[in-house]
There are 2 protein chains.
Amino acid sequence: MLSERQSMILNAIVDDYIRSAEPVGSRSISKRGDVAFSPATIRNEMADLEELGFLEQPHTSAGRIPSNKGYRYYVDHLSPLKPLKTEDLKLFKQLAAEKLNAVEEVIQHAGTVLASMTNYTSILLGPEMFNTSLRHFQLLPLSETTAVAIIVTSSGEVENKTVTIPAGVSVSEMERMANLLNDRLAGVPMHKLKARIYSEIGQEIQRHADHYEGLMKLLDDAFAAGKDQKVFLSGTTNMLTQPEFRDIGKLKTVLDLLEQTPTLTRLLSSEHKGIQVRIGSENVHQAFVNCSLITATYSLEGEAFGTIGILGPTRMEYAKVIGTLDLLSRAMSRALTGRYGA
Amino acid sequence: MLSERQSMILNAIVDDYIRSAEPVGSRSISKRGDVAFSPATIRNEMADLEELGFLEQPHTSAGRIPSNKGYRYYVDHLSPLKPLKTEDLKLFKQLAAEKLNAVEEVIQHAGTVLASMTNYTSILLGPEMFNTSLRHFQLLPLSETTAVAIIVTSSGEVENKTVTIPAGVSVSEMERMANLLNDRLAGVPMHKLKARIYSEIGQEIQRHADHYEGLMKLLDDAFAAGKDQKVFLSGTTNMLTQPEFRDIGKLKTVLDLLEQTPTLTRLLSSEHKGIQVRIGSENVHQAFVNCSLITATYSLEGEAFGTIGILGPTRMEYAKVIGTLDLLSRAMSRALTGRYGA
DNA sequence: TTTAGCACTCATTTCGATAGAGTGCTAACG
DNA sequence: CGTTAGCACTCTATCGAAATGAGTGCTAAA
């Protein structure tokens, strides 16, 4: 579609613009060395590239900036990932070396490292309930009327929820029910749990216990909506340093969005495994028109587990971020699998 | 210390400045109606107030703005709290009406309401470990080498931590130890727990179990540093709308600070019960020189439990915020005590 | 003691001129 | 025919001078 030379020029322009955040002129491209043509020639090609929709011109007498389409081309034709700088690798090694026990700590820490390495905002999604199974269930009375339900998943996550004890239900009854659940449903995937409770536990309760309705209501509450995936943010303030967010209004819409965990979960969860790049308006959300979102999935035992994302301006260091994300997602998968693996 | 009239004028200036964020001139005070003197008279008083350190002048030909000392006087002499607007009261009622089970949900939601009512940033500290006691302890093996330790406190909070199983320790040994802990130490305040573990459980283990060192290490890990108090932030982006944070640099220092939970915990935890106002440089932290922090404590069963805070520019609507905070802290205490109370 | 009047100060706004970066086009060159 | 030098043109950003106006401090009168 693009000639060799056009491709080179487009590449050079995107590169320059990513560094400088300012419209790139023909002269500066010519002087870079990697495109050995006169400014005039480059100008001609630039005009063509603009006509084709890869470049844009803020005004007549300014240089060109890449359009979304331009970035897309740039990303799709990135040369094979460069190795990371040694200083960055050091951070990775630290990450691997640290003795982090809980899954959440691994994720949290990875997010911090990622944000400080890239100077963008990192968004990490914790384990998807979908892929874990029940390890242990427990009901612990707190008062006459309330109890705390504790659910431990196969990945070692602990969820807890305070529930109301239905009138008339005794402590021993609750204990029996919890035991029943552990006996019958340990190992069942979380997303099938509710169905199995109805089909198996329900019957049993109906046969042996007095307060069918109450007990079922209690279980319903305890396993309600398995909670959202946890979201870990880091480096949100890095947004402030990006010149494209000098405009407080734009900045606020983006930061506001980052406070809404459900939206984030939706934006990040993706069907694909592997790395995905969403540039500007390719993002569903209106507020992200000036942003690019790069995501990668990490896994436990080969099962998709969660998502790592980097949010930055469309003018983003794609090569670096993609490389980093690739390494980090592998590192996390390794760290997690190593810990809980068979 | 100040004459009646000076006090009135100072009040008027602070009021005006809080609304407009712009230096207040003698003319506008004179026109307000509540200080019926000519601009010239007011100017004289203003000059005196400046000399006394209550006011400042950005430059010779500008109006006056309150100094920290000025704000302090204003706050200390606030007229008795005005009743809240009905629309705000509605929000409170909603808060009370919602059936929120877990303590954390109550806190989280209160924070959101607070931020949206005040348009500042709300910072809420969760329950202080200090004031809760142990309800239940459990060790659940996850793999050959790891287990999850679950700690339930008297307030229904569930803490969990993944720990490494020391070499050679069997599952039944761990179970026995957990049972021992529950028998002996249930009801012991969290802050005394470590000492009691050493004094009581340690001995017992030494007598009956083989792996004293390993088991003690495990308990140490499980109860390590009882985790920081949880911090709930809401409305951080409200900072963006304040004209004093037009300067991205200042904004970033503040927002960066908000990302550091340990610092926040330190800033908010206070010895006093009740409402506390820290204006500008009265805050320990350098980054908060342009901010005021107003905190209130909420409680469970009369015991100090956690802190609610509002962070905004020194030019803050003190009257409104203090009133709101007062009501909200009571509401929260009621909501929490109502739920878990005897 | 209060206030009207007035000269003075100083940040902010406005406006025109200028500089400079970059383009598009044309014509010459190899 | 592709490439390049040259040049006129466009448009933004910058700069400085002048105008603006909000507000003060002081003095003198009420």
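Quick note: numbers below take in every heavy atom, side chains included, and nothing from hydrogens, waters or symmetry partners. In this text, all values refer to a predicted model and were calculated from it rather than measured experimentally. Chain A is the first sequence line, chain B the second, and so forth, proteins listed ahead of strands; every chain is numbered from 1.
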Can you name the residues that form a salt bridge (charged side-chain N to carboxylate O under 4.0 Å, His left out) with B:Lys252, not counting sequence neighbours?
B:Asp256
In residues 25-48 of chain B, which ones come under 4.0 Å of DNA chain D, going by heavy atoms?
B:Gly25, B:Ser26, B:Arg43, B:Met46
B:Leu52: what forms a side-chain contact (heavy atoms from CB on, under 4.5 Å) with it, not counting sequence neighbours?
B:Leu2, B:Gln6, B:Phe54
Generate the contact string for nucleotides 11-18 of chain D. Rules: B means base contact, S means sugar-phosphate contact only, - means no protein heavy atom under 4.0 Å.
BS------
Salt bridge (charged side-chain N to carboxylate O under 4.0 Å, His left out) partners of A:Glu50, counting only residues at least two apart:
A:Arg64
Under 3.5 Å between N/O atoms: give me all the protein pairs with nucleotides 28-30 of chain C, atom names plus distance.
none

In terms of relative ring orientation, are B:Tyr73 and B:His77 parallel, tilted or perpendicular, with 30° and 60° separating the classes?
parallel
Between CG of A:Leu55 and P of C:dT23 the distance, given in whole Å, is 11 Å
What residues, two or more places apart in sequence or in another chain, satisfy salt bridge (charged side-chain N to carboxylate O under 4.0 Å, His left out) together with B:Glu56?
none
Filter on salt bridge (charged side-chain N to carboxylate O under 4.0 Å, His left out), then keep only pairs touching residues 110-122 of chain B, sequence neighbours left out; what's left?
none
For B:Arg266, the salt bridge (charged side-chain N to carboxylate O under 4.0 Å, His left out) test, sequence neighbours excluded, returns none
Sorted by chain and number, sequence neighbours left out, ring-ring contact (aromatic ring centres under 6.0 Å, His included) with A:Tyr71 holds for A:Tyr318
Per the under-4.0 Å heavy-atom filter, residues of residues 6-17 of chain A near DNA chain C come out as none
Protein-nucleic acid N or O pairs under 3.5 Å, nucleotides 15-19 of chain C:
none

